Amino acid sequence: MKYEDIYKHSINDPEGFWAQEAKRIDWHQPFTQTLDYSKPPFANWFVGGKTNLCHNAVDRWAASHGDNTALIAISTETADGTPAEKTWTFKELQAEVERTAAMMSELGVGKGDIVLIYMPMIAEASFAMLACARIGAIHSVVFGGFASNSLATRIDDARPKLIVSSDAGSRGGKPVPYKPLLDEAIHLADHKPEHVLLIDRGLVPMNLVAGRDVDYASLRAKHINTKVPVTWLASDDISYILYTSGTTGKPKGVQRDVGGYAVALASSMETIFCGKPGETYFATSDIGWVVGHSYIVYGPLIAGMATIMYEGTPLRPDASIWWQIVEKYKVTRMFSAPTAVRVLKKQPPEMMKKYDVSSLKALYLAGEPLDETTSAWIAEELGVSIIDNYWQTETGWPVLSIAKGIEDKPTRLGSPGIPMPGYKIKLLNEATGELCGSNEKGVVVIEGPLPPGFMQTIFGDDERYIKTYWSNFKTEQVYSTFDWGIRDDDGYYFILGRTDDVINVAGHRLGTREIEESISSHPNVSEVAVVGVEDKLKGQVAVAFVIPKLAETTLSAEARHQLEKEVFAIVDKQLGPVARPARVHCVTLLPKTRSGKLLRRSIQAICEGRDPGDLTTIEDPGSLVQIREALKP
Ligand code: PRX
């Protein structure tokens with residue numbers, strides 16, 4: 001079948017299409033209704049069906065291909081960067097997940113309870129996710145690069161019964177302690193978890209809080225032989241919550257179901273990623289992000305593939321490490337981000353030639369715009385197709401790409417591709433809501449019903465879900481991606497950046513408001529604006545403009561430097577180094593409208609050397625002069 005036929009089928013008859021796709025997974029009880037769309041925009045897929053993500057990812061493969069490799073954990077965060085490696089077959093993975101599930105059950109966790117996972121990229125993190133899925137507990141993984149305030153906000157929103165964590169992560173061979181950040185976060189949060197399950201990697205000393213903290217190894221030893229059957233879940237039960245940034249300072253808990261997600265992953269693993277059971281998949285992301293959920297843990301395993309969990313940078317022990325892994329494990333499909341490729345491009349060219357990467361069939365890149373130079377370079381170096389794919393935490397799986405598993409359609413440089421099955425996409429004029437024609441810039445929106453695997457709602461806040469995503473146009477109710485896009489005459493889309501205050505630093509999605517709130521808590525800062533500014537390596541970086549409290553007297557260069565250092569420190573402590581702005585500039589005035597709204601787009605335009613746009617509503621044009629002055633070297 002051709003892409004056009006399949007795509008049309010998915011749009012004209014979504015129920016027929018997805019009922020067919022649903023056969024890719026095991027159902028304990030078949031569904032009676034493919035889609036309930038009686039309360040738009042909420043789409044409820046596979047109503048009446050019972051299934052389980054862990055069963056589909058682990059147990060069914062353990063039963064049929066038990067000795068195939070399932071998980072490969074590799075860490076180059078060792079003393080000298082030499083990879084430490086361990087593998088699990090599907091049978092072994094099943095046993096380990098059962099142990100972890102037994103540990104959680106002993107700690108009082110059952111169906112519908114929330115478990116927050118704050119972990120480095122170690123195998124235990126995926127055991128914990130799969131164990132939650134097995135017993136119907138809802139996991140909420142928080143990226144290890146986030147610090148105490150970010151963590152506290154998420155603890156208060158998710159209200160976990162249990163937190164699973166470890167003594168430390170590691171970066172460039174140096175331990176990054178987690179436990180003190182976690183203790184501080186629990187102290188800051190109103191909600192207190194009953195227990196904290198801690199893996200002691202022996203990286204830094206840890207103080208266990210009596211009655212609350214539990215040592216992972218001791219509890220595991222008790223459950224070496226414990227069997228925990230799968231809990232069959234309704235298709236629309238919640239599988240997980242994953243927090244992501246938006247326009248406000250309060251992160252949104254993207255909530256996902258069980259059945260729809262399993263089907264969407266099984267489907268996309270074949271149609272987009274061409275994954276075959278027995279082959280090895282290597283996604284270089286982190287379990288703290290959606291790519292880690294969909295295409296490190298669940299997707300590849302559901303497809304019966306071995307999946308690699310990699311702890312480390314692409315440069316340690318040297319810049320050939322990823323290719324060493326590809327050669328050793330005969331990786332066929334690899335998933336990474338443009339930033340990582342740009343980092344590799346700056347390394348000595350021989351690093352790309354040290355290993356035999358002939359097993360590799362395609363490299364998938366996502367998370368940020370893929371520029372043509374980067375794409376062309378890596379395609380040439382590896383000799384494989386580079387497949388850009390565009391999606392979001394909210395969507396759970398690619399919206400735009402080239403479905404090579406359906407038809408070998410050509411990719412187009414600079415474009416993530418065409419709509420994937422199930423996605424009815426169009427571009428609307430931001431102001432009028434009118435449909436854009438070819439080559440006309442507009443907001444990328446998706447018409448409901450949204451396909452399986454998409455977020456169900458914002459955790460605990462249906463109203464916010466509708467208000468945030470479905471109420472941006474007066475003319476019609478459509479899901480807004482908050483991305484600018486353009487479509488060429490052949491139907492290929494190009495993504496041109498966000499319409500809101502979300503920025504994308506090295507493929508990491510961050511909210512400028514969260515960073516502003518953190519900087520505002522500095523005692524000497526009276527006002528602040530943070531914008532995302534184009535960066536050759538990271539795609540974007542955060543740049544902060546602050547009005548110091550003592551702004552009347554011009555600060556000396558030394559005082560400005562000191563303030564910048566303090567701003568870095570406060571963001572590191574509260575949000576984590578991942579959110580630290582690249583630069584902090586001092587001004588006495590910020591560009592605002594007469595009603596007091598910050599003109600972030602104008603600030604961003606000036607930083608990028610573009611025209612600041614329509615300034616008829618600006619309160620004091622002198623503020624723009626200050627931004628220009630501040631940027632002068
Ligand atoms: O702005 C788009 C950008 O990343 C945002 C979503 O980020 P996140 O929720 O972290 O999910 C990442 C999943 C891969 C989008 O709104 N983005 C993502 N992929 C692309 C992209 N921009 C351009 N090209 C892409 N391929």
Side-chain angles (χ1 to χ4, degrees), residues 141-143 145-146 241-247 251-256 264-265 268 272-273 283-296 299 335-342 363-372 374-375 378 386-402 411-420 423 425 427 441 443-446 453-455 458 468-469 472 479-487 492-512 514 532 534 538-540 578-579 604:
V141 183
V142 177
F143 177 55
F146 284 135
I241 309 164
L242 177 58
Y243 287 90
T244 191
S245 306
T247 301
K252 294 173 292 211
V254 165
Q255 175 189 316
R256 198 152 269 130
L265 292 182
S268 60
I272 303 173
F273 296 101
T284 67
S285 183
D286 187 286
I287 48 147
W289 308 108
V290 71
V291 178
H293 284 62
S294 294
Y295 298 113
I296 293 177
F335 191 133
S336 192
T339 297
V341 176
R342 288 193 288 265
L363 171 68
Y364 294 82
L365 297 173
E368 52 181 314
L370 172 61
D371 57 285
E372 298 182 16
T374 304
S375 173
I378 192 74
I386 306 303
I387 303 178
D388 193 353
N389 54 115
Y390 159 83
W391 47 295
Q392 307 181 306
T393 305
E394 290 85 344
T395 73
W397 58 284
V399 175
L400 296 170
S401 189
I402 299 293
T411 54
R412 190 159 290 186
L413 279 179
S415 160
I418 50 184
M420 291 297 93
Y423 286 108
I425 299 172
L427 297 166
K441 180 176 164 179
V443 181
V444 181
V445 303
I446 313 174
F454 214 96
M455 76 187 289
I458 293 178
T468 305
Y469 295 106
N472 293 280
Y479 171 88
S480 174
T481 62
F482 296 98
D483 277 306
W484 294 113
I486 207 162
R487 188 185 56 244
Y492 282 71
Y493 282 78
F494 294 77
I495 299 296
L496 310 170
R498 299 277 303 194
T499 66
D500 61 2
D501 300 326
V502 167
I503 60 171
N504 199 318
V505 180
H508 296 168
R509 174 168 163 180
L510 301 167
T512 51
E514 278 171 87
E534 214 170 77
K538 296 182 172 182
Q540 273 187 315
V578 64
Q604 185 190 37

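Keep in mind the model is a prediction, meaning the values are calculated, not measured. Counting starts at 1 for both ligands and their atoms, following the listed order.
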**Student:** Is the distance from the ring center of F273 to that of Y295 below 6.0 Å?
**Tutor:**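 F273 vs Y295: aromatic centres under 6.0 Å.
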**Student:** Measure the acute angle between the ring planes of F143 and W289, then classify it against the limits of 30° and 60° as parallel, tilted or perpendicular.
**Tutor:** tilted
**Student:** Does N504 reach the main-chain N or O of G367 with its side chain, forming a donor-acceptor pair under 3.5 Å?
**Tutor:** yes
**Student:** Salt bridge (charged side-chain N to carboxylate O under 4.0 Å, His left out) with R509: which residues, sequence neighbours excluded?
**Tutor:** E394
**Student:** Would you check if V444 and I495 make a side-chain contact, meaning some heavy-atom pair closer than 4.5 Å?
**Tutor:** yes
**Student:** Flag the pair Q604 / T512 as yes when at least one side-chain heavy-atom distance between them is below 4.5 Å, and no otherwise.
**Tutor:** no
**Student:** I need the contact residues for ligand 1: any residue with a non-hydrogen atom closer than 4.0 Å to the ligand, ordered by chain then number.
**Tutor:** V290, V291, A366, G367, E368, P369, D388, N389, Y390, W391, Q392, T393, D483, I495, R498, N504, R509
